[in-house]
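By convention in this document, chain letters (A, B, ...) are assigned in the order of the sequence lines, proteins followed by strands, and residues within each chain are numbered from 1.
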Number of protein chains: 2
Amino acid sequence: MGRGRAAGYDEQRETILARAAELFAQRGYSATTMNQVAEACGLSKPALYHYYKDKYALLVSIADTHVSRLETLVQGVLARKAAPRAQMRALVEGLVGEYAFAQHAHRVLTEEVKFLEPGDQQRILEKERAIVSGFAKVVTAIRPDLLATPMGKPLTMLLFGMINWMFTWMRPDGELGYEDMGPMVADLFLNGLSRVAVPKAKKEMPH
Amino acid sequence: MGRGRAAGYDEQRETILARAAELFAQRGYSATTMNQVAEACGLSKPALYHYYKDKYALLVSIADTHVSRLETLVQGVLARKAAPRAQMRALVEGLVGEYAFAQHAHRVLTEEVKFLEPGDQQRILEKERAIVSGFAKVVTAIRPDLLATPMGKPLTMLLFGMINWMFTWMRPDGELGYEDMGPMVADLFLNGLSRVAVPKAKKEMPH
DNA sequence: CCTACCGATCGGTAGG
DNA sequence: CCTACCGATCGGTAGG
């Protein structure tokens with residue numbers, strides 16, 4: 001593709017996005033300068049602006065690309081009908097793998113959403129909600145009794161906490177790699193979930 | 001106490017710290033302006049600078065105060081000798097309670113550490129490591145067989161993930177409050193931890 | 001002399 | 001694709 005565009009235009013855009021994601025993840029969106037992005041890409045600042053309209057376009061593109069990949073992954077797992085516990089393992093391992101593949105983009109997605117303008121933020125949070133819903137559906141398939149409680153979503157979010165937090169403390173040279181973590185997380189969560197107590201007489205909301 | 005200082009000086013400093021923590025948590029350290037901090041405190045900017053040397057002093061003070069409270073809490077629980085599982089419940093519920101009490105400071109501690117200068121960052125990460133160590137000690141007291149594996153610290157960090165991530169999704173008007181979450185997290189983790197599989201023939205590092 | 005503050009403006013640097 | 005800049009806004013401080 002690229003009639004009218006130099007060969008390598010799209011590749012260059014992807015490279016820029018990856019470098020920008022790394023810088024945004026390390027220093028934060030608002031503390032990263034476009035000079036730093038340009039330098040990391042081996043480009044002059046005007047050259048950088050040839051590929052992306054402005055700094056904000058980089059942020060939106062990183063978040064959009066990543067959250068869409070995650071959503072596709074979740075829909076794919078749910079489409080393959082399987083036992084709930086097997087689906088949960090597939091979801092957890094798939095998500096950990098996706099994050100390992102794009103850990104900088106993932107940290108940007110989780111920590112820099114606050115810099116998105118309302119419209120973009122809403123669109124991306126919508127996709128995040130779809131991802132969480134997919135997980136929550138499997139959680140309540142494993143523990144149908146939780147449907148009568150307000151615990152389904154909180155338990156699902158605890159699972160996301162384990163996974164999302166991994167990328168703040170794991171080091172690539174650590175003893176365990178991402179491929180070890182997926183099963184460990186699934187194990188811990190599934191074993192815990194099976195036995196979580198349902199509080200009796202959980203307060204019904206008055207309205 | 002205030003020989004030479006006006007009455008209310010220390011109270012004013014605490015108020016400023018709380019307001020700054022809220023702004024830093026919402027907008028990020030580097031995107032928050034000293035004008036915004038001053039305005040949130042009902043002070044002029046020069047008045048604000050009367051209480052804190054500069055913007056950076058606010059960040060260090062927020063992080064230091066909060067991490068020290070957490071460390072004190074953990075040491076206190078460990079000092080009261082009790083059964084490991086009871087200690088774990090006390091740690092989790094204590095930590096969740098501390099976070100609920102200072103959720104803005106907590107988000108600053110977890111998300112804005114990157115803006116600390118190397119010396120300050122090291123001192124604070126040291127305290128964080130002490131906190132994690134306290135938890136890890138109880139984890140291996142519950143599952144002594146994990147001492148022979150590299151899983152003790154990762155499992156502990158999964159627990160921190162559940163707790164730290166709570167503050168990104170819980171809403172004060174949600175169906176469940178922080179007082180409900182502590183027991184739920186402890187339940188999920190303890191039930192899961194008891195049954196986490198130890199992979200056989202875990203790779204020994206060659207050096 | 002002190003503190004607690006205000007209106008105005010400084011030197012530097014950001015995105016573009 | 002570069003040097004050279006701009007409009008604006010930042011953190012921090014002067015005099016009073």
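For residues 109-132 of chain A, every residue pair satisfying the ring-ring contact (aromatic ring centres under 6.0 Å, His included) rule, not counting sequence neighbours, is listed here: A:Tyr29-A:Phe115.
Distances shorter than 4.0 Å separate some side-chain N or O of B:Ser44 from OP1 or OP2 on C:dC6.
Nucleotides D:dG15 and C:dC5 have their C1' atoms positioned 13 Å apart, rounded to a whole Å. Comparing the C1' positions of C:dA8 and D:dG12 gives an interatomic distance of 13 Å, to the nearest angstrom.
When A:Phe189, A:Phe135, A:Trp165 are each tested for a ring pair (Phe, Tyr, Trp, His ring centres under 6.0 Å) with A:Phe160, only one passes: A:Phe135. Checking each of B:Leu95, B:Val185, B:Leu190 against B:Leu159 for a side chain to side chain contact (heavy atoms under 4.5 Å, CB included) leaves exactly one that passes, namely B:Val185. Shown are A:Val113, A:Leu23, A:Ile62, A:Leu58; of these, the side chain to side chain contact (heavy atoms under 4.5 Å, CB included) with A:Val108 is made only by A:Ile62.
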Can A:Glu126 and A:Arg129 be said to form a salt bridge (Lys or Arg N to Asp or Glu O under 4.0 Å), step by step? CA-CA 5 Å; A:Glu126 207 65 53; A:Arg129 266 189 285 271; 3.5 Å; yes
The test is salt bridge (Lys or Arg N to Asp or Glu O under 4.0 Å); show your working for B:Arg123 and B:Glu117 and say whether it passes. CA-CA 10 Å; B:Arg123 189 185 62 252; B:Glu117 291 164 9; over 6 Å; no
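Counting to the nearest Å, the P atom of D:dG16 and the NE2 atom of B:His50 are 21 Å from each other. To the nearest angstrom, C1' of C:dC5 lies 13 Å from OH of B:Tyr9.
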Polar pairs (N or O, both sides) under 3.5 Å between protein and nucleotides 10-12 of chain D?
residue	atom	partner	partner atom	Å
D:dG11	OP1	B:Thr32	O	3.0
D:dG11	OP1	B:Lys55	NZ	2.9
D:dG11	OP2	B:Met34	N	3.0
D:dG11	N7	B:Lys45	NZ	3.4
D:dG12	OP2	B:Tyr49	OH	2.9
D:dG12	OP2	B:Lys55	N	2.8
D:dG12	N7	B:Lys45	NZ	3.1
D:dG12	O6	B:Lys45	NZ	2.6

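Helical stems involving DNA chain C, defined as 3 or more consecutive Watson-Crick or G-U pairs under 3.5 Å, do not occur.
When heavy atoms are screened at a 4.0 angstrom cut-off, B:Tyr52 is found touching no nucleic acid atom at all.
Side-chain contact between B:Met170 and B:Met181 is present, with heavy atoms from C-beta onward closer than 4.5 Å.
Remark: the B:Ser194 side chain and the B:Arg85 side chain contain an N/O donor-acceptor pair separated by less than 3.5 Å.
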